[in-house]
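Worksheet: one structure, shown below.
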Amino acid sequence: MDIDEQLGRLRPSIEVEMLVREVVSSRSVEVARRGEELIISRLGSDNPAMHCYPAVVSLSLDPARARDLEGTSLVERVETKTTSTSYVWVPTARLRGARDEALALALEAVDRMARSPVATRSRSTTPRAATRRAPAAAVPPPPEPKICPRCGLQISAAGTCFCD
């Protein structure tokens, strides 16, 4: 699926769309859809650099850098995920007034993933053991409703009918 189709399905604000298009045209990235978001990763990386939603963008940065940005006019909030990754949330309203600053920050996030040693590993060489998931329990279909032979209406769960 190309970028136009993915953006068409996401239906982002014009500010989010412009930022995504500028990042895609500036760097070698992969764009994937996951649920109600677009994930932008450096080419060949499993680690997302950007999470794009219709009205907000989340950028993956170093925690120290994210703390430096906290409280600036661009950043709404900072969310620390691990000791090496924090997410900086930038809403549409703040993208409007700081387009160049937002683009620089988005490119910084993408470049950070390119330098990350984890970013170049493929899934097959990851040292973590794969977690096996238990199969989902089969849900039986609902039972066929019992129909009264006299009136043709459904018999209640208590076993009574209106014609009784």
Side-chain angles (χ1 to χ4, degrees), residues 1-139 141:
M1 188 179 326
D2 71 354
I3 189 68
D4 292 325
E5 289 177 83
Q6 291 187 7
L7 286 169
R9 289 186 178 185
L10 181 66
R11 298 159 97 171
S13 67
I14 191 68
E15 293 83 5
V16 171
E17 181 176 345
M18 288 173 53
L19 181 64
V20 169
R21 287 186 184 280
E22 288 175 349
V23 168
V24 168
S25 67
S26 299
R27 297 291 190 271
S28 295
V29 295
E30 294 177 10
V31 180
R33 182 140 171 109
R34 188 186 317 159
E36 295 299 315
E37 66 181 318
L38 283 182
I39 304 293
I40 298 178
S41 306
R42 190 63 181 215
L43 198 61
S45 172
D46 291 339
N47 298 326
M50 295 174 62
H51 297 262
C52 305
Y53 302 92
V56 69
V57 175
S58 172
L59 307 170
S60 175
L61 295 172
D62 181 72
R65 175 73 169 124
R67 279 191 300 275
D68 290 343
L69 293 167
E70 196 168 22
T72 63
S73 61
L74 183 64
V75 176
E76 180 176 88
R77 70 183 166 112
V78 173
E79 180 182 328
T80 302
K81 282 294 189 184
T82 65
T83 57
S84 62
T85 303
S86 288
Y87 290 106
V88 173
W89 293 83
V90 182
T92 296
R94 295 186 183 188
L95 285 172
R96 279 187 199 116
R99 189 172 140 223
D100 292 337
E101 185 182 353
L103 177 60
L105 205 56
L107 294 176
E108 180 182 332
V110 170
D111 292 342
R112 175 181 177 267
M113 288 301 143
R115 290 188 306 271
S116 172
V118 178
T120 57
R121 289 191 292 189
S122 69
R123 290 177 193 234
S124 61
T125 61
T126 304
R128 292 176 276 150
T131 304
R132 296 194 63 151
R133 294 184 184 247
V139 178

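Values below: all heavy atoms of this structure, side chains included; hydrogens, waters and symmetry mates excluded.
Shortest non-hydrogen contact noted between Y53 and V16 is O-CG1, 3.6 Å. The two residues R42 and S28 make their nearest non-hydrogen contact at CD-O, 3.5 Å. When all heavy atoms of E22 and L103 are compared, the closest pair comes out as OE1-CD2, 3.5 Å.
The number of heavy-atom neighbours closer than 6.0 Å to CG of D4, taken from other residues, nucleotides and ligands shown, is above 12. Within a 6.0 Å sphere centred on CZ of R77, other residues, nucleotides and ligands contribute more than 12 heavy atoms.
Taken to the nearest 0.5 Å, the CD atom of E79 stands 11.0 Å off from the OG atom of S60. If you take CG on L19 and SG on C52, they are separated by 6.5 Å, rounding to the nearest 0.5 Å. To the nearest 0.5 angstrom, L38 atom CG is 10.0 Å from E36 atom CD. The distance from the CD atom of E15 to the CE atom of M18 is 7.5 Å, given to the nearest 0.5 Å. With rounding to the nearest 0.5 Å, the separation of OG1 in T85 from CZ in R112 is 4.5 Å.
Taking the side chain as every heavy atom from C-beta outward, L105 and E101 never approach each other to under 4.5 Å. Side chains of E37 and R34 form a contact here, defined as non-hydrogen atoms less than 4.5 Å apart. Under the 4.5 Å side-chain criterion, counting only non-hydrogen atoms from C-beta, P12 is in contact with E17. Contact check for R33 versus L10: side-chain heavy atoms found under the 4.5 Å cut-off.
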Could you give me the CA-CA distance, side-chain angles and deciding distance for I39 and M50, then say whether side-chain contact (heavy atoms from CB on, under 4.5 Å) is met? CA-CA 6 Å; I39 304 293; M50 295 174 62; over 6 Å; no

Show, in sequence, the C-alpha distance, side-chain angles and deciding distance for L74 and L69, and conclude whether the side-chain contact (heavy atoms from CB on, under 4.5 Å) test is met. CA-CA 8 Å; L74 183 64; L69 293 167; over 6 Å; no

Set out, in order, the CA-CA distance, both residues' side-chain angles and the distance that settles side-chain contact (heavy atoms from CB on, under 4.5 Å) for L61 and S86, then state yes or no. CA-CA 5 Å; L61 295 172; S86 288; 5.6 Å; no

Decide side-chain contact (heavy atoms from CB on, under 4.5 Å) for I14 and T92; before the verdict, give the C-alpha distance in whole Å, the side-chain angles of both, and the deciding distance to 0.1 Å. CA-CA 8 Å; I14 191 68; T92 296; over 6 Å; no

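Just one of E30, M113, R27 meets the side-chain contact (heavy atoms from CB on, under 4.5 Å) condition when paired with L43; it is E30.
Side-chain atoms of S26 do not come within 3.5 Å of backbone N or O of V23 as any donor-acceptor pair.
In this structure, H51 and Y87 have perpendicular ring planes: the angle between them is above 60°, well past the 30° mark.
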